[in-house]
Amino acid sequence: QAQLVESGGGSVQAGGSLRLSCAASGNTYSSSNCMGWFRQAPGKEREGVAATYRNGGWTNYADSVKGRFTISRDKAKNMVYLQMNSLEPEDTAMYSCAAGTRCGWGLLLHEDQYSYWGQGTQVTVSS
């Protein structure tokens, strides 16, 4: 059964950093061709933040986080990370990890490409 578990969220002041982690079950990790991070703020639609194909050779970031966030994978540990630097109050949201088995080219940040989702971890950035 597919399973994704996020951790690392919390409260931080603007300008601070957090590192989110996503632990994927073995089957989920090995069968996915893409993994990504999405976020949803209260009253807003969920948006793709960062995503990568399995080989890690291609990543995609939302314009709002480019230069501040970095997605990475540890294949040996079945982990995906999101390093978030220079956090802003606008980054406050529930962050979820997702995995897809058939992500299309150029569609990494489209949530309809993803079949498996974690429960999410809250990130709160205060000014």
Side-chain angles (χ1 to χ4, degrees):
Q1 184 176 357
Q3 186 174 15
L4 299 169
V5 179
E6 304 95 336
S7 61
S11 297
V12 64
Q13 289 190 329
S17 298
L18 284 173
R19 187 195 194 201
L20 304 184
S21 299
C22 174
S25 64
N27 287 342
T28 304
Y29 198 92
S30 61
S31 65
S32 66
N33 79 324
C34 63
M35 295 193 73
W37 287 94
F38 290 75
R39 68 185 181 186
Q40 187 168 21
K44 295 186 177 181
E45 294 186 354
R46 184 160 57 187
E47 64 170 339
V49 175
T52 180
Y53 287 104
R54 175 164 52 183
N55 61 11
W58 186 266
T59 58
N60 211 2
Y61 295 93
D63 288 342
S64 59
V65 306
K66 283 181 180 177
R68 301 189 297 122
F69 290 12
T70 303
I71 187 171
S72 61
R73 302 177 72 156
D74 186 331
K75 299 176 183 179
K77 297 181 179 180
N78 291 355
M79 297 289 292
V80 179
Y81 305 99
L82 185 66
Q83 178 66 43
M84 306 186 295
N85 299 327
S86 302
L87 283 162
E88 304 168 352
E90 293 74 21
D91 296 318
T92 295
M94 180 70 76
Y95 285 71
S96 299
C97 176
T101 60
R102 302 177 66 179
C103 288
W105 179 252
L107 299 176
L108 278 176
L109 296 183
H110 292 236
E111 62 177 282
D112 60 3
Q113 301 292 299
Y114 294 83
S115 303
Y116 307 112
W117 295 83
Q119 292 297 312
T121 184
Q122 178 68 36
V123 171
T124 302
V125 184
S126 59
S127 58

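Here Tyr95 pairs with nothing under the ring pair (Phe, Tyr, Trp, His ring centres under 6.0 Å) rule; sequence neighbours left out.
Within the structure, ring-ring contact (aromatic ring centres under 6.0 Å, His included) pairs that include any residue of residues 6-26 do not occur (at least two apart or interchain).
Taking Ile, Leu, Val, Met, Phe, Trp and Tyr as hydrophobic and joining them when side-chain heavy atoms fall under 4.5 Å apart, one finds Met79 in a cluster with Tyr81.
With a 4.5 Å cut-off on side-chain heavy atoms, Trp117 and Glu111 count as touching. Counting only heavy atoms from C-beta outward, the side chains of Leu20 and Glu6 never approach each other to under 4.5 Å. Side-chain contact check for Thr70 versus Tyr61: some heavy-atom pair is nearer than 4.5 Å. At least one side-chain heavy atom of Thr92 sits less than 4.5 Å from a side-chain heavy atom of Gln122. No side-chain heavy atom of Met35 sits under 4.5 Å from any side-chain heavy atom of Ile71.
For the pair Pro89 and Ala14, the tightest heavy-atom approach, listed with the atom from each and the gap, is CD-CB, 4.1 Å. Across Tyr114 and Cys34, no two heavy atoms sit closer than the pair CE2-SG, 3.7 Å. Nearest heavy-atom pair across Leu87 and Met84 is CD2-CB, 3.8 Å. Across all their heavy atoms, Gly118 and Ser96 have their closest contact at O-OG, 4.2 Å. Taking every heavy atom of both residues into account, Ala24 and Leu4 meet most closely at CB-CD2, 3.5 Å. The shortest heavy-atom contact between Ala41 and Ala93 is N-CB, 3.8 Å.
Linking ILVMFWY residues whenever their side-chain heavy atoms come closer than 4.5 Å, directly or via other members, places Trp105 and Leu108 in the same cluster. At a threshold of 4.5 Å between side-chain heavy atoms, the hydrophobic network of Ile, Leu, Val, Met, Phe, Trp and Tyr places Val49 and Val12 in one connected group.
Between Ser21 atom OG and Lys77 atom NZ the span is 9.5 Å, to the nearest 0.5 Å. Taking CG from Asn33 and CD from Gln113, the interatomic distance works out to 9.0 Å, rounded to the nearest 0.5 Å. Interatomic distance, CD of Gln119 versus SG of Cys97, reported as 12.0 Å (0.5 Å rounding). Taking CG from Leu82 and CZ from Arg19, the interatomic distance works out to 10.0 Å, rounded to the nearest 0.5 Å. Interatomic distance, OG1 of Thr124 versus CE of Met94, reported as 8.5 Å (0.5 Å rounding). We find the OG-CD distance between Ser126 and Glu88 to be 13.0 Å, quoted to the nearest 0.5 Å.
Within the 3.5 Å criterion, the main-chain N or O of Ala51 finds no donor-acceptor partner in the side chain of Asn60.
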